[in-house]
Amino acid sequence: MTNAEITPAPNFIRAIVEEDIKTGKWDGRVVTRFPPEPNGYLHIGHAKSICLNFGIALEYGGTCHLRFDDTNPTKEEAEYVQSIQEDVRWLGFDWGANIFYASDYFEQLYECAVRLIKKGKAYVCDLSPDQMREYRGTLTKPGKESPYRNRSAEENLDLFSRMRAGEFPDGSRVLRARIDMASGNINMRDPVMYRILRAHHHRTGDKWCIYPLYDFTHCVSDSLERITHSICTLEFEDHRPLYDWFLDELEVYHPQQIEFARLNLTYTVMSKRKLVELVDAGHVRGWDDPRMPTISGMRRRGYSPESIRRFCEVIGVAKRNSTVDAALLEHCVREDLNRKAPRVMSVLRPLRVVLVNYPENREEELEAINNPEDPAMGTRRVPFSRVIYIERDDFREDPPKQFYRLAPGREVRLRYAYYIKCVGVVKDEKSNEVIELHCTYDPETRGGSSPDGRKVKATLHWVSAAHALQAEVRLYESLFLTPTPGEQKGGDFKADINPNSLVVLNSCRVEPGLADAAPGDSYQFERQGYFCVDPDSSPTRLVFNRTATLRDTWAKIEKGLQRS
RNA sequence: UGGGGUGUCGCCAAGCGGUAAGGCACGGGUCUUUGGAACCCGCAUUCGGAGGUUCGAAUCCUCCCACCCCAGCCA
């Protein structure tokens, strides 16, 4: 852990928590919760919330509950509660025994509803959904009171229990809070607390045919769990008066709801609807496609939990709508992987090189450093022979000004090996494409330095043709071409999809040492980037995903060259 | 036209009446057997705008402007 990681940045929520601890508002307790609805996969936006809630609990010696907000059986599935737990755990957080389900509170919620009915604060309403919308009024016009609003408590109690008993068809009646149809805040215009819905629930089965709605459920759940700080996103700010109203009327333990801005990232989309669309339309291979901003996608892409946690720390927490530059996320993985990923040589687009003065049947092993950032990671031996592969991009027949890699007549260093000089270029007769290079090597430069002290400008990675392993490498770019997809083009985010977001290279050659690389392992392919082994990989067919490229100064220069 | 929010560098973000932190990005340099990493330097006389209060304002007051959210029996 870096120092920065254990020194959290100040933000307004931490300030509130610290103040509360100081004043003893909650007797010094800190209890937060991460309350996902199990209706989809977690993404980097959820990670921000997870890090915030679990992070604050950890930091102030409190606890953070994992609570599934499972009050809508038509959308929720057990499969998701599984994947959510996996993702939270993978991110590095532990809820201990504190795993809860809103559905566990159904009986208590029902009792709370009965209490409100008895108080005259809730009533059964027979308006149809259409009528209800009509009666609600608009943003600028107040609503009208329902004709059922003044039913007696006895009648409401009777009706509500019969709703539960299944005497009425789906959607025929609801239980509503009796608040204020003229409120400027539409959430306070007698919001629905319960609906009749005959659907199989992933945990309660067919026990219930009425289900509570979010506003009623959430505050009561928080109260039952004695949450201190109920942290949610900005769109719930308008719901806070309702959160407070329910708890005040119920006269129960009352946590404080605090809202923060959700995360947006450039060059991607975050809404569940859009993510579903990408998967369904086949623009990606699934929820865990390495191009997806889902936790499972990022995991497959090679992002480490540490890098995601670090990212969530450096972006900060505030109430301003913002869109974080994807470059910051990239920076966070590089920072982490630079310290941890073993270096390895791998040639993505091979160009055959014959060392004409190297003995035909000779081979040798050269020592290579596993990670210059961490000597403790040791060294390894890499085989070398007369025929090697280098990267096609590392040779130019007619090199531009600032290109100082290999070119006819030019000498460069092969990393950990020898200096070589290009003495011949073999081309395909028809296409005129360069298919092979002839080079001489200098036996005096074994290991990569010359006794006469002469310098070479470039160091190339390479792989011995006879020893290298074939591999498939999947190169990823951002899923979208524009920083905020759909901003132009009439809001159609799919029009901004990057057609080159995935490029598959099939004839890559990697160091033989990679033979037993296991899915999930991360490496730095020297001079190219960070790559990890995909679950599709097998001993007979290695498959790597590019997590991120290395910062590439030459690419920048080249781009500038093209422009001028 | 109702209600709730937010406006500090290209992107995030500290700051809470005492004279604009930090990160990313960007530009320049040192070093280098990764054009990587590391390191150094530069990068808001100014805080949405206009007034006002004050010895002193990004921070307090007034007005204005811009943007975001809300009319599911979703969460």
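All values below were derived from every heavy atom in this structure, side-chain atoms included, with hydrogens, water molecules and symmetry-related copies excluded. Chain naming here is simple, since letters A, B, ... match the order of the sequence lines and numbering starts at 1 in each.
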Just do the ring pair (Phe, Tyr, Trp, His ring centres under 6.0 Å) check on Phe311(A) and Tyr303(A) with the steps written out, would you?
CA-CA 11 Å; Phe311(A) 172 74; Tyr303(A) 277 82; 8.8 Å; no
Which base sits across from C74(B) as a Watson-Crick or G-U pair, both distances under 3.5 Å?
none
NZ or CZ of Arg33(A) within 45° of Phe100(A) ring axis and under 6.0 Å:
no
Tell me which residues in residues 70-81 of chain A put a heavy atom below 4.0 Å from RNA chain B, sorted by number, or none.
Thr71(A), Asn72(A), Lys75(A)
Pairwise P distance for C40(B) and C24(B), with rounding to whole Å:
12 Å
So, is Thr140(A) close to the G3(B) phosphate, meaning a side-chain N or O under 4.0 Å from OP1 or OP2?
no
Could you walk me through whether His202(A) and Tyr80(A) pass the ring pair (Phe, Tyr, Trp, His ring centres under 6.0 Å) test, one step at a time?
CA-CA 10 Å; His202(A) 73 109; Tyr80(A) 295 123; 9.9 Å; no
Aromatic centroids of Phe106(A) and His201(A) separated by under 6.0 Å:
yes
Please measure how far the P atom in G27(B) lies from the corresponding atom in G36(B), and state the result in whole Å.
13 Å
Can you find a donor-acceptor pair, distance only, under 3.5 Å between Asp552(A) side chain and G35(B) base?
no
Pairwise P distance, G35(B) and A20(B) [rounded to whole Å]:
42 Å
For Arg198(A) and C73(B), give me the distance from atom CZ to atom C1', rounded to whole Å.
14 Å
Gap between atoms CZ and C1', on Arg240(A) and C69(B) respectively (whole Å)
13 Å
Could you check whether Arg343(A) gets within reach of a base, just the sugar-phosphate, or nothing at all, counting any heavy atom under 4.0 Å?
base
Phosphate OP1/OP2 of C24(B) contacted by His331(A) side-chain N/O (<4.0 Å)
yes
Run the salt-bridge test on Lys75(A) and Glu37(A) with the 4.0 Å N-O cut-off and return the result as yes or no.
no
So, is Arg527(A) near the phosphate of G35(B), with a side-chain N or O under 4.0 Å from OP1 or OP2?
yes
Any Arg195(A) side-chain nitrogen or oxygen under 4.0 Å from OP1 or OP2 of A75(B):
yes
Ionic contact status for Glu306(A) with Lys340(A), cut-off 4.0 Å
yes
With the side chain of Lys556(A) defined as its heavy atoms from C-beta on, choose the nearest nucleotide among C26(B), G5(B), G3(B).
C26(B)
Expected output: side-chain Thr268(A) to main-chain Leu265(A) donor-acceptor under 3.5 Å
no
Provide, to the nearest angstrom, the distance between the NZ atom belonging to Lys340(A) and the C1' atom belonging to A37(B).
16 Å
With both distances under 3.5 angstrom, what nucleotide forms a Watson-Crick or G-U wobble pair with C67(B)?
G5(B)
What does Val314(A) touch in the nucleic acid at a heavy-atom separation under 4.0 angstrom: a base, only the sugar-phosphate, or nothing?
nothing
Taking NZ, NE, NH1 and NH2 as the nitrogens, is one of them in Arg309(A) or Glu313(A) under 4.0 Å from a carboxylate oxygen of the other?
no
What about Arg405(A): does its side chain form a donor-acceptor pair under 3.5 Å with the base of G35(B)?
yes
Ignoring hydrogens and angles, answer whether the base of U34(B) and the side-chain atoms of Gln524(A) contain a donor-acceptor pair closer than 3.5 Å.
yes
In whole Å, I'd like the distance from the OH atom of Tyr211(A) to the C1' atom of C73(B).
14 Å
For nucleotides U53(B) and C11(B), find the distance between their C1' atoms and express it as a whole number of Å.
35 Å
Between U45(B) and A58(B), how far apart are the two C1' atoms, rounded to whole Å?
13 Å
Classify Glu373(A) by what it touches in the nucleic acid, base, sugar-phosphate, or nothing, heavy-atom distance under 4.0 Å.
base
Respond yes when some side-chain nitrogen or oxygen of Arg136(A) is under 4.0 Å from OP1 or OP2 of G72(B), and no when none is.
yes
Heavy atoms only, 4.0 Å cut-off, all strands: where does Arg551(A) land among base, sugar-phosphate and nothing?
sugar-phosphate
What is the separation between atom CD1 on Ile179(A) and atom C1' on G3(B), rounded to the nearest whole Å?
14 Å
OP1 or OP2 of C74(B) less than 4.0 angstrom from a side-chain nitrogen or oxygen of Lys272(A), does that happen here?
no
Counterpart base for G51(B), defined by Watson-Crick or G-U wobble contacts under 3.5 Å:
C61(B)
One thing to verify: whether Glu145(A) and Arg176(A) come together as a salt bridge, which I'm taking to mean a side-chain N less than 4.0 angstrom from a carboxylate O.
no
Lys401(A) NZ to G35(B) C1', straight-line distance once rounded to whole Å:
17 Å
Which is true for Leu414(A) with a 4.0 Å heavy-atom rule: it touches a base, it touches only sugar-phosphate, or it touches nothing?
nothing
For the pair Val347(A) and Ile390(A), evaluate side chain to side chain contact (heavy atoms under 4.5 Å, CB included) and give the outcome as yes or no after the intermediate values.
CA-CA 6 Å; Val347(A) 176; Ile390(A) 64 166; 5.6 Å; no
Using heavy atoms to find the nearest nucleotide of RNA chain B for Ile186(A) and Glu526(A) separately, return the residue whose nucleotide is more 5′.
Glu526(A)
Searching all strands shown, indicate the nucleotide that pairs with C16(B) (Watson-Crick or G-U wobble; both distances under 3.5 Å).
none
Among C11(B), C74(B), U34(B), the one nearest any side-chain atom of Glu37(A) is C74(B)
According to a strict under-4.0 Å criterion, is Arg133(A) in side-chain N/O contact with OP1 or OP2 of G72(B)?
yes
For atom P, what is the distance between C43(B) and U62(B), given to the nearest Å?
37 Å
Does atom NZ of Lys457(A) have more than 12 heavy-atom neighbours from other groups under 6.0 Å away?
no
Whole-angstrom distance between U59(B) and C16(B), as gauged at atom C1'
6 Å
What's the closest nucleotide to the side chain of Phe236(A) if the choices are G2(B), A75(B), G35(B)?
A75(B)
What is the distance, to the nearest angstrom, from the CG atom on Leu242(A) to the P atom on C69(B)?
21 Å
Pairing partner of A37(B) (Watson-Crick or G-U wobble, both distances under 3.5 Å):
none
Taking the six-membered ring for Trp, does Tyr214(A) stack with A75(B) (centroid gap under 5.5 Å, planes within less than 30°)?
no
Taking only the side-chain heavy atoms of Leu550(A) (C-beta and beyond), determine which of G36(B), G35(B), C70(B) contains the nearest atom.
G36(B)
Classify the glycosidic conformation of G72(B) as syn or anti, calling it syn when the angle lies within 90° of 0.
syn
Remember a base hit wins even if backbone is also touched, and classify Glu237(A) as base, sugar-phosphate or nothing at under 4.0 Å, heavy atoms.
sugar-phosphate
Of Asp126(A), Asp180(A), Asp190(A), which is the lone residue that meets salt bridge (Lys or Arg N to Asp or Glu O under 4.0 Å) with Arg149(A)?
Asp190(A)
With the side chain defined as heavy atoms from C-beta on, Asp238(A) is closest, among C68(B), G15(B), C70(B), to C70(B)
I'd like the C1' distance from C41(B) over to G48(B), given in whole Å.
32 Å
Using the closest heavy atom to pick a nucleotide of RNA chain B for each, name whichever of Pro36(A) or Tyr404(A) lands nearer the 5' end.
Tyr404(A)
